[in-house]
Each structure stands twice: as C-alpha cells, then as structure tokens.
Visitor: 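The structure's right below; bear with me while I get my questions together.
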2 protein chains.
Amino acid sequence: MTARSANVHQARLLRLLRDLGPQSRVALGDRVELSRSKLAVEIDRLLETGLVVQDGLAASRGGRRSHNVRIAPSLRFLGVDIGATSVDVAVTNGELEILGHLAEPLDVRVGPVAVFERVLAMVAKLRDAGLADHFDGAGIGVPGPVRFPEGVPVAPPIMPGWDGFPVREALSQELGCPVLVDNDVNLMALGEQQAGVARSVRDFLCIKIGTGIGCGIVVSGEVHRGVTGSAGDIGHIQVDPAGPPCACGNTGCLEAHFGGNALARDAVALAEAGRSVELASRLEAAGRLTAEDVSAAASAGDPVALDLIRQGGSRTGQVIASLVSFFNPGLVVIGGGLTGLGHTLLASIRTQVYRQSLPLATGNLPIVLGELGPVAGVVGATRLISDHLFSPA
Amino acid sequence: MTARSANVHQARLLRLLRDLGPQSRVALGDRVELSRSKLAVEIDRLLETGLVVQDGLAASRGGRRSHNVRIAPSLRFLGVDIGATSVDVAVTNGELEILGHLAEPLDVRVGPVAVFERVLAMVAKLRDAGLADHFDGAGIGVPGPVRFPEGVPVAPPIMPGWDGFPVREALSQELGCPVLVDNDVNLMALGEQQAGVARSVRDFLCIKIGTGIGCGIVVSGEVHRGVTGSAGDIGHIQVDPAGPPCACGNTGCLEAHFGGNALARDAVALAEAGRSVELASRLEAAGRLTAEDVSAAASAGDPVALDLIRQGGSRTGQVIASLVSFFNPGLVVIGGGLTGLGHTLLASIRTQVYRQSLPLATGNLPIVLGELGPVAGVVGATRLISDHLFSPA
DNA sequence: CTGCTTTGTCCTGTGGAAGATGAAAGTCCA
DNA sequence: TGGACTTTCATCTTCCACAGGACAAAGCAG
C-alpha cells in the first residue's frame with residue numbers, strides 16, 4: 001500500500017476523509033466539484049489502492065442509505081517533536097487521532113545520534129504496545145531552522161552537532177517510510193490548525209515559548225518558512241539595546257530576556273540576592289535553578305517568580321505587538337512548555353499587545369493559549385507528512 | 001470591449017502577453033500547458049473579444065513564420081497614487097508601459113472630495129494630451145489601510161475625512177470602468193514586482209519611507225494584506241519606549257522618530273539650537289521646515305541633517321532587522337520620497353540590519369533601493385487592476 | 001526547384017459532465 | 001402488517017471538450 005495519491009482529486013478526497021472522518025460518497029460529492037460519475041471512479045481507485053475502505057452504511061437522509069467510506073484504519077503516521085529539553089513521540093491513525101503518545105526529557109545538545117537512538121527506542125515501545133506494525137509516513141520537528149526541501153537543520157543555535165545532519169534521510173532509512181522535517185514551531189502551528197484553536201483561521205501566528213522563543217507563521221492557510229527556512233525566528237529580535245548579552249552575539253534579544261536560560265539566570269540572581277525565599281530554597285536544594293523552578297515557584301504563588309513571568313510576558317508582548325502591526329493576523333496562539341502559568345503569561349502579553357498595537361489590527365484579534373498543549377507538535381508533524389502524502393504526485 | 005477574461009486559460013494568456021509583450025502563438029504554447037488545438041481556440045476567442053490583436057509575423061525560427069499576437073494596443077489602464085503630500089497619475093497601455101505621467105503636490109488632508117477633483121483634472125489633462133479616450137480599468141492607492149474587497153479606507157490615521165469614503169465606488173462612477181483600491185505601499189510592492197527590482201522574487205518586503213512609514217509584504221508572489229487590511233503598518237512599531245510621543249497615542253513609534261513630521265520637528269529644534277547653519281537659514285527663509293528641507297540640506301552636505309537621516313535609517317534598520325528575523329524575506333526594497341539621499345539611508349539601514357539579524361536570514365539578503373522611484377505606485381496600481389481584469393470571471 | 005523545418009488546421013479517440021434510468025430504502029396510510 | 005408512494009443512491013447513456021496525431025501550408029536553404 002503506497003500512500004502517495006495519484007491525482008489532485010484523490011488528494012482532495014483523502015484530506016477530506018482525514019479531516020472529516022468517515023463520510024458517505026454523497027457527502028463527499030457535496031464538498032468537491034466533481035460529477036457523480038467522476039467521483040465514483042476516483043473513490044473506486046482509492047478503494048483499489050487500499051488507502052480507503054468501505055465502512056458500512058451511512059445514516060439515512062430520508063431515502064436509500066449511502067455506503068460510507070473512510071481512510072484505511074490500518075494507516076499509521078508517526079509524529080516526533082524534538083524540543084530543546086524533551087522529546088515527544090506519538091502514533092496516529094489516518095485521521096490523525098493520537099493512538100499513543102510518549103514524552104521524555106532529553107537534552108537536544110547530546111547530539112543527533114544519541115537523540116535518534118532514544119527516539120527509535122520510544123518508537124519501538126509504541127510498536128510493542130501494538131499501536132503500529134508499520135508507518136506510512138513520519139513527521140519530525142527540531143528546535144531550529146530547517147532547510148525544508150532537504151529536511152536538514154541549518155545553523156541551529158541551540159543544537160550543536162545538528163548542523164547539516166541528514167535528519168530526513170536518516171529517519172526515513174530507519175523507519176522505511178517517507179519523512180518530512182520541519183521547525184518545531186511550524187509543526188505546533190500546523191497542529192493547532194489541524195486540531196486546535198486555529199482550525200478555521202487562515203492567517204495566524206503561533207508563538208512558542210520555551211527554552212527558545214519562536215513563531216510559526218501561517219499565511220493563507222500555508223506555513224510560511226521564509227527563503228532560508230528561518231522565518232519565525234523571533235527569539236533574537238532586539239527588545240532593549242541595553243539589555244543582557246545573548247548567546248547569538250547581540251545584546252537585548254528577546255531570548256536574552258525571557259528564554260529558558262535567561263529565566264534561570266535571573267532566578268539565580270534573585271535567589272542569591274535574598275529576594276525570594278522560595279527560589280532560594282530551591283537553589284539550595286538542587287544546586288541550580290531552571291525555568292521549571294521559576295514556573296513552579298510562580299505557580300506556588302511566589303511573587304518574585306510571578307514578577308519574572310510577568311516581565312517576560314511583557315517583553316514578549318512587546319515583540320508580538322510589533323508582529324501584529326506588521327502581519328495583521330486573525331489570531332495569535334501562545335504555546336510551549338508553560339505548564340500552569342499560561343494564563344499569567346497570557347494576561348501580561350495581552351496587556352502589552354492591546355496597549356501597543358493599533359486598534360485596527362487588534363480590534364477583534366484573539367490572543368489565546370494553544371488547545372493541544374504538549375501534543376501540538378506531534379499532531380502537526382503527522383499533519384505535515386499526511387499533507388505531503390495526500391497530495392498530487 | 002469588456003476586459004474581463006472568461007476562463008483561466010485566457011487569463012493566463014493575457015497576463016503572459018502583458019508581461020512578455022507581443023508573442024508568437026508557438027511561444028505562448030511553450031509557456032502554457034495546453035494542446036495546440038485548445039490554444040488556437042482560446043486565442044481565437046481572445047481575438048474575437050478584441051482584447052488581443054494580430055501583430056504581424058514573428059521572426060522566423062527556420063521554417064514557416066508564426067503570426068504574432070499582442071494585447072490590444074488601444075487598451076488603457078489608469079494608475080493613481082495618492083500620497084500624504086502628493087498625487088501621481090499615470091496612463092499605461094495593456095502592457096503596463098507608462099504612456100503619460102503627472103505628479104502634483106497635494107495634501108491628502110484636504111479630504112477625499114477635493115483630492116478627487118484634482119485627480120480627475122489630472123486625468124482630464126492626460127486625456128486631452130491624446131493618451132487615452134477611455135479606460136479599461138484603474139487602480140488607486142491611498143496612504144492608509146484599506147478594506148480591500150470593498151475598496152474603502154478604514155481608520156486611516158493621516159487621512160482625516162477619508163474613513164469609510166467609498167473610493168472605489170466613486171472613482172468607478174467617474175471613470176466608467178472597474179476600479180480597485182489598495183494601500184499605497186502594497187502598490188509600490190506590486191510595482192517593483194511587475195517592473196522593478198523584485199521581478200523574480202516571490203517573498204519580499206517593500207519599505208516605503210515618506211510622511212508615514214509602511215511596508216508592503218509579498219508572500220509567494222501575492223500581496224499579504226492581513227485580516228483587516230492593516231498589514232505592513234510598521235510606522236507604529238515601538239522602537240524606544242522612552243522615545244517621543246506619537247500621534248497614535250503611544251510613545252517611541254518608528255514614525256515618531258523618523259516620519260516626515262518627526263524629521264521636521266527635529267530639524268526645527270536643531271536649527272533653533274543653532275546646531276546647523278544650513279537648516280537655520282532655511283527655517284529663516286520659509287518660516288518652517290519640512291522633511292524636504294532636511295533632505296535638501298543633507299544632499300548639500302550639511303552634517304547635522306545627514307546625521308538626522310543616518311539616525312533615522314538606523315531606527316528603521318532596527319525595525320527591518322526584526323521583520324527580517326520574523327519573515328525571512330528574499331529581498332528588501334527601500335523606496336518612497338527619498339530624493340537624492342537614498343544611498344545614505346540605505347547604508348545606515350544595511351548596517352543596522354546586517355548587525356542585528358541572524359546570519360542565516362541575512363546571508364544573501366539583498367537590501368536595495370526601488371528601481372521605479374516615483375512611478376512604482378502607479379505601475380503597481382495598473383498591475384493590480386490588470387491582474388483583476390486578466391483573471392477568471 | 002527541391003528537400004527540410006516550422007506553423008496552422010483538421011480529425012479522431014478518450015475522458016469527463018450531466019441527464020436518464022433503475023434499485024434500494026424510508027414513510028405514510030389503510 | 002403490507003403495499004403504494006417518495007426520496008435518495010448508484011449506474012448507464014449521451015454529449016461535449018480537449019489532447020494528440022496527421023496533414024497541409026508556408027517559409028528557409030542550397
């Protein structure tokens with residue numbers, strides 16, 4: 001069963017079946033501009049390939065009942081989301097419903113080989129659980145810019161050792177199926193578009209706040225990757241020329257204010273200055289502080305930690321305000337590893353954006369948290385590869 | 001002769017003939033994926049409508065000579081570019097070559113009725129010069145956000161009295177032809193894409209620096225207008241929270257630093273402070289200073305005026321650097337009413353962008369001046385309407 | 001004037017759209 | 001409960017449009 005669809009009509013039908021679930025032939029006919037005869041031929045061909053199967057009778061619409069068709073339930077997509085400090089792996093069926101999901105902490109800096117080993121072990125675990133005996137396609141996200149056509153990371157600042165590593169090629173070899181590679185932020189955007197808050201929006205931004213800060217850009221329903229694949233790299237936009245130095249060589253970048261490392265740095269400073277008992281005790285206990293410590297302290301109500309989050313939200317809001325003025329999106333989605341304090345962050349971002357951008361752009365601009373949380377990336381990954389497979393050859 | 005083409009093939013052919021000039025039928029066949037018979041039929045239909053005419057024999061390619069076809073030479077498009085302080089009007093043929101061009105200073109704040117009167121007088125002048133006895137379509141640009149589908153300015157900050165004025169409807173009535181209205185910056189981008197530096201680039205930004213500062217955004221060859229038509233409104237991006245107050249109510253907007261009014265304000269302050277003899281004498285002579293005075297003084301070598309320009313360029317570069325990080329374009333075009341000092345400005349913008357953006361985004365990112373200068377807007381206007389007319393009905 | 005190349009037109013076969021027909025299922029009423 | 005009627009679905013048939021090849025016309029080169 002080769003998953004690549006042959007022509008534009010079949011691709012269209014496959015995507016409809018993916019997104020709408022099992023449908024009667026007539027319901028499909030209502031959605032595509034094809035004659036009944038042509039539709040019947042194309043569906044027959046899809047049935048022949050095995051990508052689509054008959055699925056009983058549809059509910060009656062008052063007369064003779066129609067036969068349902070659906071994406072073959074044996075179809076399996078793999079989604080991999082490599083973050084800076086964690087890996088998510090999920091298996092979905094052809095309708096991109098998650099059948100199994102594993103998450104593990106893992107520092108991407110251990111390099112591609114070690115990461116791959118780990119990812120493959122997780123995949124094996126999902127396989128052993130009986131969720132898949134094969135994969136029809138896989139999508140993988142990495143936390144840095146990617147030369148999309150080749151599926152190769154380029155000059156990734158937080159991924160030493162990954163530059164030029166043939167991620168697509170390597171994974172495709174291992175899994176024996178087609179693979180696409182993209183920036184993790186783009187996949188998050190795709191995920192929210194597929195199954196989250198952005199389902200009906202054609203132009204939106206998806207801000208991911210974690211170790212790095214990035215932005216997925218969707219224009220007319222399509223991800224915009226830029227000419228070198230670095231679009232959305234907003235972590236190194238300067239918010240304050242007098243700000244702290246950044247790993248990129250400049251000063252006052254957004255990430256230098258509010259990236260994971262910056263947050264940890266500020267927290268340590270505040271703990272050592274005796275400003276926060278909560279942070280100080282955590283520092284005492286662990287010997288170091290991470291962004292998660294700040295997050296936990298803030299969730300526990302520590303005012304100093306909360307203030308760090310608010311300040312960061314405000315800085316981020318400042319940048320988003322600029323982007324909103326520039327891009328005039330219909331929605332801004334905030335996501336990333338913000339367990340628990342999403343709403344605190346959201347509030348300060350909103351305040352800043354609504355204050356700074358012009359009313360015409362913010363008039364009815366929703367700024368919301370992502371719906372999918374940790375699975376946005378993996379869902380986006382399967383969406384990416386399924387879009388690729390369900391497209392004209 | 002109705003200009004609206006009937007089907008997708010005819011639209012395609014018309015655009016090819018517009019952009020490539022007279023072509024043999026065979027050369028057209030090489031560019032479209034149509035059978036010879038179908039191509040012949042479609043061209044015959046176009047000939048019937050009168051939109052396309054026979055144009056002698058093509059040069060021999062070694063055998064029987066082919067008959068050329070071309071867009072009807074009687075086709076006339078009108079381009080109107082209303083700037084904050086000037087109006088440009090031009091007439092083109094069907095190949096968007098400028099046949100006549102008039103420019104006049106005019107403050108847009110006199111309101112739509114007065115501006116229209118003036119524009120129509122200019123149109124009449126071009127008509128009287130024998131350049132056109134009719135118009136097949138017109139495009140018009142205004143210096144503010146436009147609800148594109150309706151052709152109506154919305155909440156334009158520097159155009160009091162224009163909010164909601166039915167520009168499209170009114171002009172269409174007067175001229176008796178289809179009209180499209182857009183933001184002047186978008187038209188500039190379209191102009192540079194049609195006949196300027198951006199001919200072969202699919203993703204680029206077009207920065208217009210004048211009374212206001214705006215940015216045309218082209219994604220995958222299409223202008224991105226945003227959900228409310230305010231995309232590219234970068235004049236009110238904050239570059240310095242401690243900066244001067246802006247008319248929009250915020251502080252430190254780019255326009256508050258480097259818009260036309262800001263430039264005049266700073267120049268007056270410097271002149272009065274005795275920092276520049278050149279500016280002081282101009283202030284003395286005219287009783288006031290404008291951006292043009294600064295421009296002239298800078299061109300004359302006045303170091304204080306030059307410094308103003310450099311500082312402004314640096315501020316602008318700061319914003320462009322952010323946009324480049326975000327959008328990762330393949331080209332940045334700088335244009336607007338920068339007579340003479342384009343290169344000074346360009347230099348300081350380049351310095352700032354190359355310093356601040358990441359190498360991956362700036363690696364081979366050309367930042368160049370627009371090629372078309374004052375006619376970019378009007379060319380873009382005719383491109384806009386011709387695209388509309390040369391599209392499937 | 002004779003081959004050779006290119007261009008334009010005609011013709012035929014195929015594929016798809018739309019209407020017509022038959023089959024299956026549901027509804028209504030006796 | 002059964003039969004007639006209605007509604008919907010699937011297939012069959014017809015017609016049209018287009019692609020691609022064949023052939024004629026026009027120009028070039030020697």
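Letters go in sequence order (proteins before strands), and every chain restarts at 1.
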Visitor: Looking only at non-hydrogen atoms, find the nearest pair between Val201(A) and Leu331(A) and report the distance.
Guide: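 Minimum heavy-atom separation between Val201(A) and Leu331(A): CG2-CD2, 3.8 Å.
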
Visitor: Rounded to whole angstrom units, what separation is found between the CG atom of Leu57(B) and the P atom of dA25(D)?
Guide: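 For the pair Leu57(B) CG and dA25(D) P, the rounded distance is 18 Å.
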
Visitor: If you take all heavy atoms of Gly21(B) and Glu95(B), which pair is closest and at what distance?
Guide: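 For Gly21(B) and Glu95(B), the tightest heavy-atom pair comes out as CA-OE2, 4.0 Å.
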
Visitor: For a quick check, with a 4.0 angstrom heavy-atom cut-off, what is the B/S/- contact string for nucleotides 11-16 of chain C, read 5' to 3'?
Guide: -----S

Visitor: Please state how far atom CD in Gln54(B) lies from atom P in dT7(C), giving the value in whole angstrom units.
Guide: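 Roughly 15 Å, once rounded to whole Å.
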
Visitor: Please classify the nucleic acid contact of Arg25(B) as base, sugar-phosphate, or nothing, using heavy-atom distances under 4.0 Å.
Guide: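 Sugar-phosphate only.
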
Visitor: Determine, for Glu48(A) against Arg45(A), whether the closest basic-nitrogen to carboxylate-oxygen distance falls under 4.0 angstrom.
Guide: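 Arg45(A) and Glu48(A): not salt-bridged.
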
Visitor: Kindly point out which of dA10(D), dG8(C), dA20(C) is positioned nearest to the side chain of Arg36(B)?
Guide: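 Closest of the options to the side chain of Arg36(B): dG8(C).
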
Visitor: CD of Gln23(A) versus C1' of dC9(D): gap in Å, rounded?
Guide: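 Spelled out: CD on Gln23(A) to C1' on dC9(D) is 16 Å.
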
Visitor: Are any of the side-chain heavy atoms of Leu13(B) and Glu42(B) separated by less than 4.5 Å?
Guide: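 Yes, at least one pair of side-chain atoms sits under 4.5 Å.
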
Visitor: Tell me: CG of Asn68(B) to P of dG8(C), nearest whole Å?
Guide: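 My rounded result for the distance is 10 Å.
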
Visitor: Separation of Asp44(A) atom CG from dC9(D) atom P, in whole Å?
Guide: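 Those two atoms, CG and P, are 17 Å apart.
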
Visitor: Round to the nearest Å and state the distance from Leu34(B) atom CG to dA19(D) atom C1'.
Guide: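 Between C1' of dA19(D) and CG of Leu34(B): 10 Å.
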
Visitor: What is the distance from CD1 of Ile43(B) to P of dG8(C), rounded to the nearest Å?
Guide: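 Taking CD1 of Ile43(B) and P of dG8(C), I get 9 Å after rounding.
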
Visitor: List, with names and distances, any nitrogen or oxygen atoms from the protein found under 3.5 Å away from nitrogen or oxygen atoms belonging to nucleotides 3-6 of chain C.
Guide:
unit_1	atom_1	unit_2	atom_2	d
dT6(C)	O2	Arg64(B)	N	3.4

Visitor: Let me see the working for Val378(B) and Val375(B) under side chain to side chain contact (heavy atoms under 4.5 Å, CB included), right down to the final yes or no.
Guide: CA-CA 5 Å; Val378(B) 288; Val375(B) 301; 3.9 Å; yes

Visitor: Once you round it to whole Å, what is the distance between P of dC9(D) and CG of Leu28(A)?
Guide: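 Roughly 12 Å, once rounded to whole Å.
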
Visitor: What's the shortest heavy-atom distance between Leu39(B) and Arg25(B), and which atoms?
Guide: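 Looking at all heavy atoms of both residues, the shortest contact is CD2-O, 3.4 Å.
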
Visitor: Should Phe148(A) and Asn183(A) count as side-chain neighbours, where that means a heavy-atom distance under 4.5 Å?
Guide: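 A side-chain contact under 4.5 Å is absent here.
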
Visitor: What is the ring orientation for His224(B) with Phe327(A), classed by angle as parallel under 30°, tilted 30 to 60°, or perpendicular over 60°?
Guide: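 Judged by the thresholds at 30° and 60°, the geometry between His224(B) and Phe327(A) is parallel.
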
Visitor: With heavy-atom distances below 4.5 Å as the criterion, would you say the side chains of Ile217(A) and Leu205(A) are in contact?
Guide: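 Side-chain contact under 4.5 Å: yes.
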
Visitor: Look at Ser66(A) and dT8(D) and indicate whether a side-chain polar atom (N or O) is within less than 4.0 Å of OP1 or OP2.
Guide: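 Looking at the OP1 and OP2 atoms of dT8(D), neither is under 4.0 Å from any side-chain N or O of Ser66(A).
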
